[in-house]
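Remarks on the structure that follows.
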Amino acid sequence: MNPVVITVIILVVITGALLALYFVGNKMQKKQMAQKEQVAQTAQQMSMLIIDKKMMKLKDANLPKVVLEQTPKRFRNAKVPIVKAKVGPQTMNLICDDVIFDDLPTKCEVKAMVSGIYITGLKSVRGKKHAAKQEPQKKSFGAKMRQKQRQLQKELAAEEKEKAAKKASKQEEKAKKEKAKKITQ
């Protein structure tokens, strides 16, 4: 075969794979945004004492068996942010959102938004003055990547809100024009 034909075939296959990844990624990102909205709606404010926080494998985190059974097998070995906290008289292991994991202090009492066993937000911190007195630490690669991911997700959410606002304004203008046409007829 001609080397040009082979090169064209390889380029077509690579282009097709990249397009498929793009559309699958878009679909998954929309699904993730919808799930985050659901979690935010069911969140409740709780007061808890944070004992420890770690990035651990899901199967090593001592979470309820139901959680492990519902998790796909490919994600059981993935490391997730786990927080050991005392909620009332119970000591529990909770899964923390990547967004607030770095900001969550240890050995402090906090008021956090919790949805099931998932900590979604941090309301207030009581105890030691963790933010003002601590020396700035060098961020790990994972922390930098999580911060960049948060920033990109905020930008994406802002763009989607802007698109929705433009679409709504266009629909309002269209409705006004149709109403004006009906009046003049």
Side-chain angles (χ1 to χ4, degrees), residues 24-162 164:
V24 169
N26 255 353
K27 185 177 179 182
M28 290 176 71
Q29 195 169 27
K30 288 179 184 176
K31 191 175 179 182
Q32 181 187 21
M33 294 289 244
Q35 287 175 345
K36 281 191 176 195
E37 288 176 11
Q38 272 186 330
V39 167
Q41 288 175 354
T42 60
Q44 299 176 354
Q45 185 172 335
M46 286 188 173
S47 183
M48 62 182 74
L49 175 68
I50 305 297
I51 298 170
D52 192 20
K53 64 178 186 176
K54 292 181 187 174
M55 293 293 283
M56 299 176 75
K57 290 184 178 182
L58 202 58
K59 64 182 183 180
D60 298 335
N62 295 330
L63 293 171
K65 289 182 181 179
V66 177
V67 174
L68 289 175
E69 291 171 0
Q70 291 179 352
T71 306
K73 287 186 180 180
R74 64 177 180 245
F75 294 123
R76 290 181 189 172
N77 281 333
K79 288 190 173 185
V80 292
I82 302 291
V83 174
K84 187 172 187 178
K86 185 169 182 171
V87 183
Q90 288 183 325
T91 301
M92 305 173 66
N93 285 347
L94 304 169
I95 300 172
C96 183
D97 195 5
D98 285 338
V99 175
I100 62 163
F101 182 69
D102 296 325
D103 299 334
L104 205 61
T106 55
K107 311 276 190 271
C108 283
E109 188 175 329
V110 298
K111 286 189 180 178
M113 297 302 288
V114 179
S115 179
I117 62 164
Y118 192 71
I119 300 174
T120 60
L122 184 63
K123 288 291 182 181
S124 65
V125 178
R126 199 174 109 185
K128 62 182 175 183
K129 312 248 189 270
H130 71 286
K133 300 283 182 176
Q134 277 187 352
E135 299 172 8
Q137 295 178 347
K138 189 173 181 181
K139 288 187 179 181
S140 67
F141 178 75
K144 290 177 187 175
M145 293 304 291
R146 283 192 295 273
Q147 184 179 10
K148 191 170 187 177
Q149 180 186 12
R150 285 191 297 260
Q151 187 179 26
L152 290 174
Q153 284 180 342
K154 285 180 185 178
E155 290 174 9
L156 179 68
E159 287 176 9
E160 287 186 4
K161 286 181 183 179
E162 188 177 312

task: Evaluate the side-chain contact (heavy atoms from CB on, under 4.5 Å) criterion for residues Arg76 and Lys73: first the C-alpha distance (whole Å), next the side-chain angles of each, then the deciding distance (0.1 Å), finally the verdict.
output: CA-CA 5 Å; Arg76 290 181 189 172; Lys73 287 186 180 180; 3.9 Å; yes

Can you give the donor-acceptor pairs under 3.5 Å from side chains of residues 53-61 to other protein atoms, not counting sequence neighbours?
residue: Lys53; atom: NZ; partner: Phe101; partner atom: O; Å: 2.8
residue: Lys53; atom: NZ; partner: Leu104; partner atom: O; Å: 2.6
residue: Lys59; atom: NZ; partner: Asn77; partner atom: OD1; Å: 3.0

If you take all heavy atoms of [X] and [Y], which pair is closest and at what distance?
X      : Y      : value
Val114 : Gly116 : CG1-O, 3.4 Å
Asn93  : Leu63  : O-CD2, 3.5 Å
Leu122 : Asp103 : CD2-O, 4.0 Å
Ile119 : Leu94  : CD1-CD1, 3.8 Å

query: Out of Lys31, Met33, Glu37, which residue meets the side chain to side chain contact (heavy atoms under 4.5 Å, CB included) rule with Gln35?
result: Lys31

query: What distance do Tyr118 atom OH and Lys36 atom NZ have between them, rounded to the nearest 0.5 Å?
result: 6.0 Å

message: Could you measure the distance from the CD atom of Gln151 to the CG atom of Leu156? Nearest 0.5 Å is fine.
response: 13.0 Å

field: salt bridge (Lys or Arg N to Asp or Glu O under 4.0 Å) contacts in which one or both residues fall within residues 140-157, not counting sequence neighbours
entry: Asp102-Arg146

message: Taking the side chain as everything from C-beta on, heavy atoms only, tell me whether Val67 gets closer than 4.5 Å to Thr71.
response: yes

task: Go through the steps for Ile95 and Ile82 under the test side-chain contact (heavy atoms from CB on, under 4.5 Å), then give the verdict.
output: CA-CA 5 Å; Ile95 300 172; Ile82 302 291; 4.0 Å; yes

Taking distance alone, no hydrogens or angles, what donor-acceptor pairs closer than 3.5 Å link side-chain atoms of residues 41-50 to residues at least two apart or in another chain?
residue: Thr42; atom: OG1; partner: Gln38; partner atom: O; Å: 3.4
residue: Thr42; atom: OG1; partner: Val39; partner atom: O; Å: 3.2
residue: Thr42; atom: OG1; partner: Ser115; partner atom: OG; Å: 2.8
residue: Ser47; atom: OG; partner: Glu109; partner atom: OE2; Å: 3.1

